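Some notes on the structure that comes next.
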Amino acid sequence: MKLSRIISNQNSVSRRFANQLLAAGRVIVDGTVCRDGSLDIPRFQEVRIDQNIVQQAQPAYYLMLHKPAGYLSATRDDQHPTVMELIEPDLRAHLHIGGRLDRASTGLLILSSDGHWSRRLTAPAIKIPKVYRVATAEPISPQTSERFAAGIWFEFEQLTTSPAQLEQLGDREARVTIFEGRYHQVKRMFHAVGNRVTSLHRESMGSLALDPGLPTGGYRHLTADEISSIG
Ligand code: URA
């Protein structure tokens, strides 16, 4: 919410008076005087007028989970267990998922209470690389990497995927880097070249790599460096 709005939402503070408070240096955001009422202030920051708190800072959570197969990337479901069931109950209500994985897929899943931050991971325009280790039913043909680099036509969306990279690791195994996160994207790309994905594991999203120390189903809070690396 805009800072001027946070102030004028207070009882009996008009827009005009809010601007006067700002100009007089009486508005303090996280301990620093702020005079710009047009700034967007997330709910994780404290706002004071002199000594009076007008917005209490909400705690922000940033987690990485090692998703096991069989869990839905959803907050609740009647049929299948969801990844939220792997998170301690006190945290669950605050979190949303930053970039889903299919039920059968495993690996890095990011959960956060900070929508501004997690949108940077998923916004198609930002093109953060997402790296997957993939096993396939058929041998991966030599043309596959060229086809992925040229982009694959998705009939349903009527678009060509952004250039993707394929590093062959074995006859039926590859590391694939994509820069979007379309529905079943990696599976559909292999399907388009006459192959089928049998397992899919996300290793990283941008600078965030799955912690090798995390057991399947385990999670941890991101470090301050990890959080700020998604800028
Ligand atoms: N692409 C897929 O097909 N599935 C995932 O879970 C992620 C990317």
Side-chain angles (χ1 to χ4, degrees), residues 63-77 79-87 95-112 118-141 143-170 172-211 214 216-219 230:
L63 311 180
M64 73 161 71
L65 168 76
H66 185 165
K67 179 190 173 298
Y71 283 76
L72 272 186
S73 295
T75 42
R76 72 160 73 136
D77 190 77
Q79 284 179 339
H80 302 289
T82 73
V83 292
M84 285 301 172
E85 292 166 36
L86 300 165
I87 308 291
L95 298 172
H96 60 263
I97 296 160
R100 293 164 196 279
L101 282 171
D102 297 337
R103 185 156 66 93
S105 301
T106 59
L108 177 68
L109 196 73
I110 298 295
L111 300 114
S112 177
S118 60
R119 262 193 292 284
R120 285 186 225 127
L121 281 176
T122 54
I126 298 181
K127 297 210 179 298
I128 275 202
K130 286 124 190 151
V131 181
Y132 296 87
R133 200 168 171 130
V134 184
T136 59
E138 307 299 332
I140 297 168
S141 71
Q143 297 79 34
T144 306
S145 69
E146 282 162 39
R147 294 279 312 274
F148 284 9
I152 299 284
W153 173 250
F154 276 3
E155 185 68 34
F156 183 75
E157 293 94 332
Q158 294 279 298
L159 56 79
T160 301
T161 56
S162 297
Q165 294 154 7
L166 181 140
E167 177 196 351
Q168 187 125 11
L169 301 174
R172 292 173 167 80
E173 216 181 323
R175 179 170 286 119
V176 174
T177 305
I178 59 173
F179 296 85
E180 304 142 294
R182 303 195 180 282
Y183 179 66
H184 290 338
Q185 179 160 344
V186 176
K187 288 180 187 155
R188 290 163 72 201
M189 287 167 63
F190 275 96
H191 181 75
V193 296
N195 208 332
R196 183 169 61 81
V197 168
T198 54
S199 80
L200 190 63
H201 178 83
R202 184 153 63 203
E203 296 182 327
S204 63
M205 295 175 84
S207 50
L208 302 176
L210 181 63
D211 186 332
L214 267 186
T216 309
Y219 69 91
I230 302 299

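We count ligands from 1, going down the list as the structure has it; atoms in each ligand are counted the same way. All values reported here derive from a predicted model rather than from experimental measurement.
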**Request:** Mind running side chain to side chain contact (heavy atoms under 4.5 Å, CB included) on His201 and Val134 for me, showing each step along the way?
**Result:** CA-CA 7 Å; His201 178 83; Val134 184; over 6 Å; no
**Message:** Quick check: closest heavy atoms across Val83 and Ser73, and the distance to 0.1 Å?
**Reply:** CG2-CA, 4.1 Å
**Request:** Compile the protein residues with any heavy atom at a distance under 4.0 Å from an atom of ligand 1; present them by chain, then by number.
**Result:** Leu101, Asp102, Ser105, Tyr132, His184, Gln185, Val186, Lys187, Leu200
**Asked** Taking only residues two or more places apart in sequence, or in another chain, which ones meet Thr177 in a side-chain hydrogen bond (donor to acceptor under 3.5 Å, both in side chains)?
**Response** none
**Message:** Can you pull out every side chain to side chain donor-acceptor pair (under 3.5 Å) where at least one residue sits in residues 190-199? Sequence neighbours excluded, please.
**Reply:** none
**Item:** Which residues share a side-chain hydrogen bond (donor to acceptor under 3.5 Å, both in side chains) with Tyr132, sequence neighbours left out
**Value:** Arg202
**Complete:** On a heavy-atom basis, the closest approach of Glu180 and Gln185 is OE1-NE2, 3.1 Å
